[in-house]
2 protein chains.
Amino acid sequence: MPSAVGGTGRTGGRAGRPTMKDVAAHVGTSIKSVSRVLNGEDGVSAATAERILQAMAELGFRRNDLARGLRQSDRTSTIGLALPQAGTRFHDSLVHGIDEIARQQGSFVLTASSGTAARERETLTALCSRRVDGLIVVPAGEDHGFLRPEQQAGVPVVFVDRPPHGIAADAVLTDHAEGARAGTAHLLRQGHRRIGVVGDDERIFSVAERIGGHRAALRTEQVAYAEELTRLGARCAEEAMHACLDLLGSGQPPTALFTLNNQCTIGAVRALRRLGLTRRVAMVGFDDFETADLIDPPVTVISHDVEEIGRTAARLMFERMAGHSPAPGRTTLPTKLIARGSGEIPVVDESS
Amino acid sequence: MPSAVGGTGRTGGRAGRPTMKDVAAHVGTSIKSVSRVLNGEDGVSAATAERILQAMAELGFRRNDLARGLRQSDRTSTIGLALPQAGTRFHDSLVHGIDEIARQQGSFVLTASSGTAARERETLTALCSRRVDGLIVVPAGEDHGFLRPEQQAGVPVVFVDRPPHGIAADAVLTDHAEGARAGTAHLLRQGHRRIGVVGDDERIFSVAERIGGHRAALRTEQVAYAEELTRLGARCAEEAMHACLDLLGSGQPPTALFTLNNQCTIGAVRALRRLGLTRRVAMVGFDDFETADLIDPPVTVISHDVEEIGRTAARLMFERMAGHSPAPGRTTLPTKLIARGSGEIPVVDESS
DNA sequence: ATGAAAGCGCTAACAG
DNA sequence: CTGTTAGCGCTTTCAT
């Protein structure tokens with residue numbers, strides 16, 4: 001038994017963190033009193049409490065919440081948020097919304113990057129192994145069945161922006177289809193009949209939904225959907241630009257463009273610039289972005305309230321944590337068309 | 001003793017998570033064998049191992065890494081990143097860079113929003129209470145002395161973008177002063193002598209540094225620094241726009257603007273638009289942004305490699321974790337001027 | 001190849 | 001008002 005002073009035998013003061021045991025030893029009281037002070041329970045004299053607080057400050061004590069959670073009904077007061085690498089304003093707003101609600105509930109939000117589909121599972125598992133009380137997931141991968149054990153263990157999982165596959169869970173979505181319908185109808189109203197579509201991979205839920213809405217609008221006006229005016233699979237602004245250049249350089253170019261996310265919108269603007277068509281080809285883009293009003297002409301967009309999506313997802317999660325257990329469902333939030341100019345360019349008279 | 005079956009007495013399969021004890025009971029082996037399988041140690045027959053793996057899958061077992069860390073030298077393989085709410089691309093790139101290095105080191109990055117200065121301490125403390133192995137902080141507040149105990153306990157802390165106060169720790173900074181000097185010199189070279197400056201609060205390190213660089217450039221060319229052309233305290237694009245409107249509407253308006261971050265740049269562009277001065281007043285902005293090339297005229301900026309900042313900070317952190325302990329220092333990364341058009345507008349001949 | 005027991009830092013449930 | 005004991009889920013040490 002070598003120099004067993006403060007339990008851990010801390011002497012140098014350098015390595016390892018002080019524990020409650022150390023604080024207790026420092027004061028000459030029991031560990032339980034320290035615990036009481038820390039948790040604001042009563043049953044400790046003011047004098048002792050004072051000395052304990054002093055010792056904690058002196059030693060630089062910080063409670064180990066991990067150990068605490070281990071004992072305390074396995075709650076960590078932490079919720080996990082998994083985000084794929086986006087590179088849009090989506091992140092910030094979403095985190096904000098979630099944070100607002102979590103804070104009200106006394107929970108702490110930890111965000112992890114799930115990156116590509118391949119790494120997503122690993123990321124979510126790591127979050128769960130760190131025992132979050134709930135999980136909000138912006139899906140990157142295809143199947144989330146592996147999260148079922150978490151759900152059954154009482155950890156609610158809420159999906160954002162895309163519905164879950166392989167698991168029954170709440171989802172908070174944007175009304176992609178209706179937004180795209182409105183955007184397309186807006187262009188049709190200006191007389192456009194040849195509308196080019198540029199977007200990411202159609203296997204992505206939001207992309208498929210948006211295309212569906214686009215086609216619905218065309219049907220309503222009895223305009224044929226021209227396959228050759230659609231360019232999908234553009235994963236970044238660069239690829240979208242090339243798709244647009246290709247589209248606009250074809251024999252029968254579109255008189256308007258409908259872009260399926262803001263990266264595509266930015267790519268489209270670059271393409272229109274290069275070809276000197278900014279004022280001649282109309283454009284409506286899905287997703288708003290900060291400088292949309294500064295581009296010439298200002299970009300007409302379909303916008304959605306991402307912060308509200310975050311708040312809604314967080315509320316759903318906390319409701320489930322509180323014991324509510326209706327059948328998992330989808331909440332769909334509306335979009336708004338913001339007319340700024342690019343979408344109000346009328347069709348060029350082709351007979352001239 | 002009511003139906004004590006699997007240790008925890010789990011029967012419904014609903015509440016609580018399965019533990020190693022449950023897995024062991026399910027297989028009819030000891031908890032230690034389960035542990036061995038999980039950690040890839042040998043000393044378990046292939047047959048038993050197989051049955052254990054099966055049971056884990058069946059029960060949806062997930063190891064509690066918190067409990068693990070409690071026992072295992074208090075390492076959690078997790079590093080914490082604290083970010084104030086920025087609303088710029090800074091976030092994404094920084095997280096990316098840090099993530100890249102952390103992944104190589106087998107660590108997991110958890111990001112928390114530190115929000116305003118007031119909430120920062122609370123956020124950082126919460127991260128520490130969750131026992132991260134290291135901490136990367138983009139400071140929001142003024143004093144970080146409260147992090148000293150963490151450092152002493154062997155948790156390295158690295159600051160990004162602003163140097164620490166009240167604590168000796170590594171910092172990874174941008175060469176704000178040199179960048180601002182170069183940007184200002186660029187404008188001076190076009191003949192501008194009345195350069196308006198719009199930025200956030202001067203108490204922010206980067207703002208002060210940038211102003212310093214700006215003034216240094218003026219001194220070199222023997223141009224007087226005109227206090228009345230400087231508008232600080234603009235915390236968002238909106239406020240920056242009003243500051244610019246004010247500046248440009250004054251009796252002796254500047255012929256060029258130097259904006260101290262991208263929010264201010266965006267505000268300035270809006271102001272120039274409103275006044276129809278986009279082609280007449282030159283502008284250079286600190287920080288690049290995605291659509292800078294799409295604005296008319298395209299915006300000349302001082303850009304820095306944020307991802308590299310992240311990688312550098314992470315590397316420093318892991319080096320300290322590995323035992324390196326030189327005196328804490330500053331690493332300063334260079335900036336690059338990207339001329340796109342707005343900064344190359346020559347001074348208007350005032351005599352005409 | 002396997003398991004029993006101790007203990008990580010903390011709190012819950014009981015004593016005094 | 002204060003302290004003792006047990007145990008959260010896991011790994012470590014030491015036996016078998």
Side-chain angles (χ1 to χ4, degrees), chain A residues 1 4 6-10 15-52 56 59-77 128-131 153, chain B residues 1 4 6-10 15-52 56 59-77 128-131 153:
Chain A
M1 194 190 279
T8 324
R10 198 173 321 293
R17 294 159 165 290
T19 73
M20 285 177 48
K21 208 165 167 182
D22 297 314
V23 175
H26 193 91
V27 176
T29 176
S30 93
I31 183 178
K32 180 67 217 191
S33 295
V34 178
S35 171
R36 278 197 251 262
V37 170
L38 210 55
N39 296 324
E41 297 169 21
D42 45 28
V44 184
S45 72
T48 325
E50 183 51 46
R51 284 167 54 222
I52 288 176
M56 293 204 288
L59 269 50
F61 170 80
R62 205 131 299 173
R63 170 169 66 193
N64 186 335
D65 277 352
L66 274 41
R68 181 182 208 219
L70 201 55
R71 191 66 240 260
Q72 219 175 29
S73 72
D74 211 18
R75 278 236 163 297
T76 56
S77 297
C128 292
S129 285
R130 282 165 178 80
R131 292 299 188 263
Chain B
M1 193 192 280
T8 325
R10 198 174 321 292
R17 294 159 165 289
T19 72
M20 286 177 47
K21 207 166 168 179
D22 297 314
V23 175
H26 194 89
V27 176
T29 176
S30 93
I31 182 179
K32 179 64 218 193
S33 295
V34 178
S35 170
R36 278 197 252 261
V37 169
L38 210 55
N39 295 324
E41 298 169 21
D42 46 28
V44 184
S45 72
T48 327
E50 182 51 46
R51 284 166 54 220
I52 289 176
M56 295 203 287
L59 268 51
F61 169 80
R62 205 132 300 172
R63 170 171 65 194
N64 186 333
D65 277 352
L66 274 43
R68 180 180 209 221
L70 200 55
R71 194 64 240 265
Q72 219 175 27
S73 71
D74 212 18
R75 278 241 163 294
T76 55
S77 296
C128 293
S129 286
R130 282 166 178 80
R131 292 298 188 264

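Chain identifiers are assigned alphabetically (A, B, ...) following the order of the sequence lines, protein sequences preceding nucleic acid strands; residue numbering begins at 1 within each chain. Source: prediction; values computed, not measured.
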Seminar exercise, completed: R17(B) CZ to dC8(D) P, in whole Å, measures 17 Å
Problem set entry | Nucleic acid contacts - residues 43-52 of chain A versus DNA chain D, non-hydrogen atoms under 4.0 Å | G43(A), V44(A), S45(A), T48(A)
Exercise. Closest heavy-atom contact between L38(B) and M20(B)?
Worked result: CD2-SD, 4.4 Å
Exercise. Please give, in whole Å, the distance from dC10(D) P to F61(B) CZ?
Worked result: 4 Å
Exercise. Rounded to the nearest 0.5 Å, how far apart are CZ of R130(B) and OG1 of T76(A)?
Worked result: 6.5 Å
Exercise. Taking atom P of dC10(D) as reference, at what distance in whole Å does atom CZ of R62(B) sit?
Worked result: 13 Å
Exercise. Would you say dG3(D) has OP1 or OP2 under 4.0 Å from some side-chain N or O of S30(A)?
Worked result: yes
Problem set entry | Rounded distance (nearest 0.5 Å) linking atom CZ of R51(A) with atom NE2 of H26(A) | 9.5 Å
Exercise. Rounded to the Å, how far apart are K21(A) NZ and dG9(C) C1'?
Worked result: 9 Å
Exercise. Just wondering, are more than 12 heavy atoms of other shown residues or ligands nearer than 6.0 Å to CG in N39(A)?
Worked result: yes
Exercise. Hey, what do you get for CG (D22(A)) to CD1 (I31(A)), rounding to the nearest 0.5 Å?
Worked result: 9.5 Å
For this session: Starting at atom CE of M56(A), determine the distance to atom C1' of dG9(C), rounded to an integer number of angstrom.
Result: 15 Å
Problem set entry | T29(A) side chain near dG3(D) phosphate (N/O to OP1/OP2, under 4.0 Å) | yes
Problem set entry | Among T48(B), I52(B), T19(B), side chain to side chain contact (heavy atoms under 4.5 Å, CB included) partner for V34(B) | I52(B)
For this session: Write down the distance between CG (D22(A)) and C1' (dG9(C)), rounded to a whole number of angstrom.
Result: 10 Å
For this session: Of all the heavy-atom pairs spanning R36(A) and G43(A), show the shortest one and how long it is.
Result: NE-O, 4.0 Å
Exercise. In B/S/- notation, 5' to 3', how is nucleotides 11-16 of chain C contacted by protein heavy atoms closer than 4.0 Å?
Worked result: BBB---
For this session: Report the distance from atom OG of S35(B) to atom CZ of R68(B), rounding to the nearest 0.5 Å.
Result: 8.0 Å
Exercise. How many angstroms lie between atom CZ of R63(B) and atom CZ of R17(B), to the nearest 0.5 angstrom?
Worked result: 13.5 Å
Problem set entry | Distance in angstrom units between N64(B) CG and dG7(D) C1', rounded | 14 Å
